[in-house]
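Each chain gets a letter, A, B and so on, in the order the sequences are listed, and its residues count up from 1. Note that the structure is a prediction, hence the values are computed from the model and not measured. In what follows, every heavy atom counts, from backbone to side chain, and hydrogens, waters and symmetry copies are set aside.
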Protein chains: 2
Amino acid sequence: MTRDRWLSHADERLRGAGLRTSAGRTAVVELLARDGDCLLSAQELVDRLRAQPGAGSTATVYRTLETLHELGLVRRFDGGEGIARYEIADPSGEHHHHLVDADTGEVVAFEDAELERAIHRIGERLGVRLTGHDVILRGRRAS
Amino acid sequence: MTRDRWLSHADERLRGAGLRTSAGRTAVVELLARDGDCLLSAQELVDRLRAQPGAGSTATVYRTLETLHELGLVRRFDGGEGIARYEIADPSGEHHHHLVDADTGEVVAFEDAELERAIHRIGERLGVRLTGHDVILRGRRAS
DNA sequence: GTTATTGCAAACAATTTGCATATAA
DNA sequence: TTATATGCAAATTGTTTGCAATAAC
């Protein structure tokens with residue numbers, strides 16, 4: 001399962017970066033492995049951590065997210081509401097994009113091979129080795 | 001020319017929304033028509049307005065950008081640095097996307113018909129009438 | 001022991017808002 | 001004349017940071 005794979009991959013990567021296995025960071029990483037497959041804000045993480053005992057300070061959550069992002073373990077999105085959202089980045093490179101309902105704000109994830117192919121070709125056409133990409137669609141359900 | 005067309009379109013649309021032709025808003029709109037074809041921040045707009053006499057308070061710039069965005073006259077982007085950037089939205093629907101250099105942060109605009117087609121098809125596949133979309137590519141120049 | 005990590009609270013930066021004044025209609 | 005728009009400064013909000021205490025190695 002993707003989440004388990006991500007968790008062990010993340011552990012390994014953090015260890016490999018010379019970082020210690022500390023309570024706070026571990027709590028964030030495990031929470032992400034459990035709930036982080038789609039777009040969580042830092043505040044949401046803090047809240048969920050606070051539900052469980054002791055762990056979960058704002059600073060630690062932000063610091064951990066920054067670390068994970070630098071290591072390529074999470075993707076970060078800056079949706080127009082001025083708050084960043086994160087989701088785990090599958091080590092296999094497989095990923096989805098997001099469709100936002102223009103009325104409700106509801107977010108749906110989708111994958112599309114044709115889209116990925118088009119993006120790949122753009123990189124070639126522009127002479128750029130792509131390191132990442134984000135696609136956000138907005139629309140309303142056809143009535 | 002696109003900018004002139006945008007300016008008259010914007011004027012008309014603002015008028016049509018029952019808004020008054022005021023100095024502050026007009027200055028922002030005209031500045032956008034002149035310089036706003038690609039990704040300006042609110043602060044950059046304020047600075048450029050301040051270069052000219054009298055006009056250009058932070059509040060008015062933000063309020064105008066909000067209005068323009070609601071009316072679909074500008075596109076807003078939230079690049080990961082916590083600051084929003086705006087550019088004029090061509091009334092014809094023609095538009096470009098952005099490639100960010102992973103090393104320098106430099107932004108290049110591009111258009112791609114194949115990409116647009118792929119996105120259109122995704123809308124159909126998901127049963128959604130698309131109202132907008134953003135694509136951001138990140139990469140480094142092939143050496 | 002030494003060094004990384006934590007948590008709190010203070011600091012920050014972008015953006016928003018209250019309100020009294022000025023201005024377009 | 002009347003409602004809208006402005007500008008200032010204060011308030012808000014998401015995020016970052018200094019620092020002393022704590023925990024990993």
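Side chain of Arg63(B) to backbone of Arg25(B): no donor-acceptor contact under 3.5 angstrom is found.
Residue Thr58(A) places no side-chain N or O under 4.0 Å from the OP1 or OP2 atom of dT15(D). At dT4(D), none of the side-chain N or O atoms of Ser22(B) fall inside 4.0 Å of OP1 or OP2 (strictly under the cut-off). The shortest distance between the side-chain N/O atoms of Tyr62(B) and the OP1/OP2 oxygens of dT16(C) is not below 4.0 Å.
Place Arg76(B) and Ala23(A) on DNA chain C by their nearest nucleotides, and Ala23(A) ends up nearer the 5' end.
In the interface, the side chain of Arg63(B) is not paired with the base of dA5(D) through any donor and acceptor atom under 3.5 Å apart.
Between the C1' atom of dT5(C) and the CG atom of Leu68(A) lies a distance of 14 Å, rounded to the nearest Å. The CG atom of Leu65(B) sits 15 Å away from the C1' atom of dA5(D) (whole-angstrom rounding). Here the C1' atom of nucleotide dT2(D) and the CG atom of Leu19(B) are 16 Å apart, to the nearest Å. Taking atom CD on Glu66(B) and atom P on dT6(D), their separation rounds to 13 Å, with Å as the unit. Separating the NE2 atom of His69(B) from the P atom of dT15(C) is a distance of 13 Å, rounded to the nearest angstrom. Distance, Asp78(A) CG to dT13(D) C1': 15 Å, rounded to whole Å. Put simply, CZ on Phe77(B) is 20 Å from P on dA14(C), counting in whole angstrom units. Summarising the geometry, the separation between CZ on Arg85(A) and C1' on dT15(D) is reported as 15 Å, rounded to the nearest angstrom.
Listed nucleotides dG14(D), dT15(C), dT4(D) differ in distance to Arg20(B); the shortest reach to its side chain belongs to dT4(D). The listed nucleotides are dA24(C), dC8(D), dG7(C); the one nearest the side chain of Arg50(B) is dC8(D). Of the candidate nucleotides dG7(C), dA25(C), dG7(D), dG7(D) has the atom nearest to the side chain of Ser57(B). Distance from the side chain of Ala42(A) is smallest for dT15(D) among the nucleotides dC8(D), dT15(D), dA5(D). When the nucleotides dA14(C), dT16(D), dT17(D) are ranked by their closest atom to the side chain of Ile83(B), dA14(C) comes out on top.
In this structure, Ser41(A) reaches neither bases nor backbone, as no heavy-atom distance under 4.0 Å exists between it and the strands shown. If you check every strand for non-hydrogen atoms under 4.0 Å, Arg25(A) touches sugar and phosphate atoms only.
Under 4.0 Å is where a charged nitrogen must lie from a carboxylate oxygen, and between Asp134(A) and Arg138(B) at least one such pair does. Ion pairing between Asp78(A) and Arg85(A) fails under the 4.0 Å rule for side-chain N and carboxylate O.
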Could you walk me through whether His98(B) and Phe77(B) pass the ring pair (Phe, Tyr, Trp, His ring centres under 6.0 Å) check? CA-CA 10 Å; His98(B) 301 98; Phe77(B) 295 90; 4.9 Å; yes
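Centroid-to-centroid, the aromatic rings of His95(A) and His133(A) come within less than 6.0 Å.
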